[in-house]
Visitor: 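Quick one: the structure is below, questions incoming.
A note on names: the letters A, B, ... follow the listed sequences, proteins ahead of strands, and every chain is numbered from 1.
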Protein chains: 2
Amino acid sequence: MNTVMTNQTEQVLTIGEVAALTGVTVHTLRYYEKAGLLEVPRLSNGQRRYREMDVKAVEFIGHLRRTGMPIRAILEYADLVRSGKDTSAERMRLLEQHRDNVARELAEQHKHLVGITAKIEWYRAALDQADSSDARLTETLTATASTP
Amino acid sequence: MNTVMTNQTEQVLTIGEVAALTGVTVHTLRYYEKAGLLEVPRLSNGQRRYREMDVKAVEFIGHLRRTGMPIRAILEYADLVRSGKDTSAERMRLLEQHRDNVARELAEQHKHLVGITAKIEWYRAALDQADSSDARLTETLTATASTP
DNA sequence: GTTCTCCCTAAAGTGCACTCTAGGTCAAGC
DNA sequence: GCTTGACCTAGAGTGCACTTTAGGGAGAAC
């Protein structure tokens, strides 16, 4: 009465297959597990077998990592998931906080990008000038350039 | 005839002032200089004095760094600037390449952000459900959650 | 039966960008 | 004249996220 029918057809993947599927190296997958981000079931010989939920977890960790969340913070989240208690509210809060940080960071980066683009435009203007001018002017342009 | 009137009123700043102005620490400013990104004039006693163009350079380095350009790459750019030759075209090419990389990266991060937001929405829906339900359902939700 | 390929662990190494320390100089203010 | 605070250098240390190494095990393929 306690052992509910488990899905026999669930496919499991080796670490190499997960690496190929997700783009995360085999080394890094093991590293994540040692860091406590994952808990992957093993065969009796010790080999990892990733269920679909493990692969999904790897992908979600990818979202967090690629947006700059430190391993430490992801670990906090993972610990909440595994705590057994209903920590949904807190987990959501963590994610929202991270999302806000990332949004801020993206806005920041966009501003920096504008600065870079301005410089590119400055070069373009300078080169256009040089094209329709003589060599002396080109010299002057590069010498007096306002902080190229 | 060679020494053109130089602007007497140009203000110069100490390293501490530049740090306060740009948000880059004193340590990092010296580090950038040792790395070859900057060449700041000195007083006879060795103290740095930043001209406006030096401050502008610090700010531009900030744009590049904060968008992830490695010090090495910034150094390449700085070397081109100092090379004496007209390297405008190449410098522009470097900046354009970086700009494209950053744009790609921002798009990537935006995709990851969408993944994170989806998870947050999943939590919000789960918590809404739990609000209008009893404790047992809450339990079930956290237990059967698809890769929380 | 040995070669190949994948898998395993523990631990050391790497690369990057700072960041800090130790030991000092120098000018201004009390 | 001495304390304070800002500056200087060379070099060591830090934190992070991998990445590599060393030394193996296990099962399929020839």
Visitor: Test side chain to side chain contact (heavy atoms under 4.5 Å, CB included) on R48(A) and R30(A); report intermediate values, then the result.
Guide: CA-CA 9 Å; R48(A) 295 165 178 83; R30(A) 290 199 270 251; 3.5 Å; yes

Visitor: Near DNA chain C, which residues from residues 103-112 of chain A have a heavy atom under 4.0 Å away?
Guide: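 Contacts with DNA chain C under 4.0 Å: none.
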
Visitor: OP1 or OP2 of dA17(C) less than 4.0 angstrom from a side-chain nitrogen or oxygen of R66(B), does that happen here?
Guide: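 Answer is no, no contact under 4.0 Å.
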
Visitor: Round to a whole Å and report the spacing from CG of L64(B) to P of dC18(C).
Guide: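 So the two atoms are 12 Å apart, to the nearest Å.
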
Visitor: How many angstroms lie between atom CZ of R65(A) and atom CD1 of I61(A), to the nearest 0.5 angstrom?
Guide: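 Spacing of CZ (R65(A)) from CD1 (I61(A)) equals 10.5 Å.
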
Visitor: What is the distance, rounded to the nearest whole Å, between atom OH of Y31(B) and atom C1' of dG15(C)?
Guide: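 It works out to 10 Å between those atoms.
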
Visitor: Using a cutoff of under 3.5 Å, can you pull out all pairs of nitrogen or oxygen atoms linking the protein to nucleotides 20-27 of chain C, with atom names and distances?
Guide:
none

Visitor: What is the nucleic acid contact for R72(B), judged by heavy atoms within less than 4.0 Å: base, sugar-phosphate only, or nothing?
Guide: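 Here R72(B) touches the backbone only, sparing every base.
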
Visitor: Would you mind checking if R104(A) and E108(A) are paired as a salt bridge, meaning a charged N to carboxylate O distance below 4.0 Å?
Guide: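 No, this pair does not count.
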
Visitor: In whole angstroms, how far is the P atom of dC8(C) from the CG atom of L29(A)?
Guide: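 Nearest whole value for this atom pair: 10 Å.
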
Visitor: First locate atom CH2 of W122(A), then atom CG of L95(B), and finally report the distance between them rounded to the nearest 0.5 Å.
Guide: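 Nearest 0.5 Å value for the CH2-CG distance: 11.0 Å.
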
Visitor: Taking side-chain hydrogen bond (donor to acceptor under 3.5 Å, both in side chains) as the definition, give me every residue that meets it alongside R42(B), ordered by chain and number, with sequence neighbours left out.
Guide: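 Once residues adjacent in sequence are excluded, the partners of R42(B) under the side-chain hydrogen bond (donor to acceptor under 3.5 Å, both in side chains) criterion are E33(B).
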
Visitor: Is the phosphate of dC7(D), meaning OP1 or OP2, less than 4.0 Å from a side-chain N or O of T14(B)?
Guide: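 Checking dC7(D) against T14(B), a side-chain N or O does come within under 4.0 Å of OP1 or OP2.
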
Visitor: Using whole Å, report how far NZ of K34(A) lies from P of dA12(C).
Guide: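 These atoms are roughly 11 Å apart.
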
Visitor: Let me know the distance between CG of L43(B) and P of dT9(D), rounded to the nearest Å.
Guide: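 Interatomic distance, CG of L43(B) to P of dT9(D): 12 Å.
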
Visitor: Applying a strict under-4.5 Å side-chain criterion to I, L, V, M, F, W and Y, I'd like to know whether L80(B) and L37(B) cluster together.
Guide: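 Same cluster.
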
Visitor: CZ of R30(A) versus P of dT20(D): gap in Å, rounded?
Guide: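 So the two atoms are 13 Å apart, to the nearest Å.
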
Visitor: For M69(B) and dG15(C), what is the distance between atoms CE and P respectively, to the nearest whole Å?
Guide: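 It is 21 Å, rounded to the nearest whole Å.
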
Visitor: Respond yes when some side-chain nitrogen or oxygen of Y32(B) is under 4.0 Å from OP1 or OP2 of dC18(C), and no when none is.
Guide: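 For Y32(B), the contact criterion (side-chain N or O under 4.0 Å from OP1 or OP2 of dC18(C)) is met.
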
Visitor: R65(A) has a side chain; which of dC7(D), dA17(C), dC18(D) sits nearest to it?
Guide: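 Shortest atom-to-atom distance from the side chain points to dC18(D).
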
Visitor: What does R42(B) touch in the nucleic acid at a heavy-atom separation under 4.0 angstrom: a base, only the sugar-phosphate, or nothing?
Guide: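 Touches sugar-phosphate only.
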
Visitor: Between E121(A) and R124(A) (salt bridge meaning N to carboxylate O under 4.0 Å), is one present in this structure?
Guide: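 Judged by the 4.0 Å cut-off on N to carboxylate O distance, E121(A) and R124(A) do form a salt bridge.
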
Visitor: Report the distance from atom CG of L75(A) to atom C1' of dA17(D), rounded to the nearest whole Å.
Guide: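 For the pair L75(A) CG and dA17(D) C1', the rounded distance is 14 Å.
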
Visitor: Is the shortest distance from a Lys or Arg side-chain nitrogen in E52(B) or K56(B) to a carboxylate oxygen in the other one below 4.0 Å?
Guide: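 Yes, E52(B) and K56(B) are salt-bridged.
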
Visitor: Please verify the inter-ring angle class for Y123(B) with Y77(A); under 30° counts as parallel, over 60° as perpendicular, anything in between as tilted.
Guide: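 It falls in the perpendicular class, over 60°.
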
